[in-house]
Amino acid sequence: MWMPPVENQTWVSEFILLGFSRDPTSNRILFIVFLLLYLSSVLGNGLIVSLICLDKCLHTPMYFFLCILSLLDTGYVTTTVPQMLVHLLAHSQTISFAGCWLQMYMFSTMSLTECILFVVMAYDRYVAICYPLRYTVILNWGLCTRLASATGACGFFLSLIHTSLTMRLPYCGPNVINHYFCEGPSVRSLACVDTHLIEIVDLVISVFLAVAPISLISASYVRIAQAILKIKSTKGRCKAFSTCASHLTVVSLFYAPATYIYMRPNSNYSPERDKQISLFYNVFTALLNPVVYSLRNKDIKGAFLKVMGWSSVAQ
């Protein structure tokens, strides 16, 4: 049974992040690979944010939420990857207790916010396809702002619960985290006490932020599919489907690995496997999101050509 830490409990003052390899040559190769991935993610998401801000044609609810998604992707990949890059070349792979707490909290806040944002984006597509003539009336800027604020507030408070419960556990050694950043399950496995109660709380949060959003997203797309099937024009159906395909793709890329990490029993914890899966939904999802949206979106392509001054050439 979990007990709160007592006053005279010995706490570790820092953690050691093992990362992916202890071989210097392998680390240098990994440094180049992850640096390129990180720069590509930041530049790709930054480009989407810039285009949406610069092109008035993209000042719609859909692109407003896409802009927030790109900012979140940039934020949580920046929370983890730069430090990992430093550790790949440095002799010391330590992180202070406070630094670990902050990294876990920032990463959780942005990840949990993104979980809820996907539901809001699904609702946006539902209104756009099922009620196209009332789209701007239903999703007015006041509602969009409130939805964005509520999404951020939920991520903030739920992350505070998750991080506080994890970091209040007594850590009296060892202090070696077999991961490349301070992720909740990896840190919690080092606690000196039974973490069963914390696991239950985390499971409740995970159910709220995985099962509930996935159910709401699925319900939205059932209604969307019904509406698309009623469209008589084949071109109209394809256009309606293409506006949803990008969202479904990024939802799948994010939820599949994240659900596995946070909803599997602690007895199935595998450090090496968890590192690889976390890398996918942390780094690769942030990289793929702008690629998916830009390749499948004519408005984004048109805005890019306009900003670059190539629109007249393309025409």
Side-chain angles (χ1 to χ4, degrees), residues 17 34 37-49 52 63-85 95 98-122 144-145 147-167 179-187 202 205-206 208-210 212-214 217 247 250-263 274-275 277-290 292-293:
L17 296 167
F34 287 130
L37 289 174
Y38 173 68
L39 293 177
S40 299
S41 299
V42 172
L43 290 174
N45 285 290
L47 178 62
I48 286 184
V49 172
I52 292 173
Y63 294 108
F64 171 68
F65 295 127
L66 176 57
C67 182
I68 296 175
L69 176 65
S70 293
L71 290 172
L72 289 172
D73 283 340
T74 303
Y76 76 67
V77 77
T78 300
T79 302
T80 59
V81 176
Q83 184 182 58
M84 177 180 67
L85 293 173
I95 182 172
C100 188
W101 194 102
L102 181 61
Q103 185 183 60
M104 185 188 302
Y105 176 71
M106 294 303 297
F107 180 81
S108 298
T109 297
M110 285 177 280
S111 298
L112 297 178
T113 301
E114 188 160 321
C115 285
I116 305 171
L117 181 66
F118 283 132
V119 179
V120 176
M121 294 176 75
C144 290
T145 303
L147 287 172
S149 300
T151 298
C154 287
F156 175 86
F157 287 112
L158 290 174
S159 177
L160 187 62
I161 295 172
H162 162 76
T163 306
S164 297
L165 289 176
T166 299
M167 300 308 288
H179 214 297
Y180 66 92
F181 77 102
C182 290
E183 190 171 38
S186 300
V187 176
D202 261 9
I205 294 176
S206 299
F208 176 73
L209 289 167
I214 289 174
I217 292 171
H247 180 247
V250 297
V251 166
S252 301
L253 291 173
F254 181 87
Y255 270 111
T259 300
Y260 170 80
I261 291 291
Y262 289 98
M263 294 192 67
D274 280 18
K275 279 192 290 187
I277 295 175
S278 295
L279 186 68
F280 184 84
Y281 84 84
N282 176 205
V283 179
F284 288 103
T285 301
L287 173 66
L288 293 174
N289 282 358
V292 169
Y293 275 105

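Taking the side chain as every heavy atom from C-beta outward, F284 and L279 approach each other to under 4.5 Å. The shortest distance between side-chain heavy atoms of V187 and M167 falls below 4.5 Å. A 4.5 Å side-chain heavy-atom check between F254 and N289 finds every atom pair outside the cut-off. Considering only heavy atoms from C-beta on, S278 comes within 4.5 Å of Y180 through its side chain. At a threshold of 4.5 Å between non-hydrogen side-chain atoms, the residues M121 and I217 do not count as touching. S164 has its side chain out of reach of Y105: every pair of non-hydrogen atoms, C-beta onward, lies at least 4.5 Å apart. Using a 4.5 Å heavy-atom threshold, the side chains of P290 and L47 count as separate.
From L158, atom CG reaches atom CG of L112 across 6.0 Å, with rounding to the nearest 0.5 Å. Interatomic distance, CG of L85 versus CZ of F34, reported as 8.5 Å (0.5 Å rounding). Atom CE of M110 is separated from atom CG of N282 by 9.5 Å, given to the nearest 0.5 angstrom. Atom SG in C115 sits 10.5 Å away from atom CG in L72 (nearest 0.5 Å). Note that the CZ atom of F64 and the CG atom of L69 stand 12.5 Å from one another [nearest 0.5 Å]. Note that CD1 of I52 is 4.0 Å distant from CG of L66, once rounded to the nearest 0.5 Å.
Contact detail for I48 and S70: the closest heavy-atom pair is CG2-OG, 3.5 Å. Closest of all the heavy-atom pairs between I68 and A148 is CD1-CB, 3.6 Å. Between T78 and P82 the shortest heavy-atom distance is O-CD, 3.0 Å. The two residues S41 and V283 have their closest heavy-atom pair at OG-O, 3.9 Å. Among all heavy-atom pairs drawn from C182 and M104, the shortest one is O-CB, 3.5 Å. Nearest approach of G155 to T113, heavy atoms of both residues: CA-OG1, 3.4 Å.
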Exercise. Start with the C-alpha distance between L17 and M84, add both sets of side-chain angles, then the distance that settles side chain to side chain contact (heavy atoms under 4.5 Å, CB included), and finish with yes or no.
Key: CA-CA 9 Å; L17 296 167; M84 177 180 67; over 6 Å; no
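The aromatic rings of Y255 and F118 sit tilted relative to each other, their planes meeting at an angle between 30° and 60°.
Under the side chain to side chain donor-acceptor pair (under 3.5 Å) criterion, S111 pairs with no residue, sequence neighbours left out.
Under the 3.5 Å distance criterion, with hydrogens and angles disregarded, no donor-acceptor pair is assigned to the side chains of Y76 and S108.
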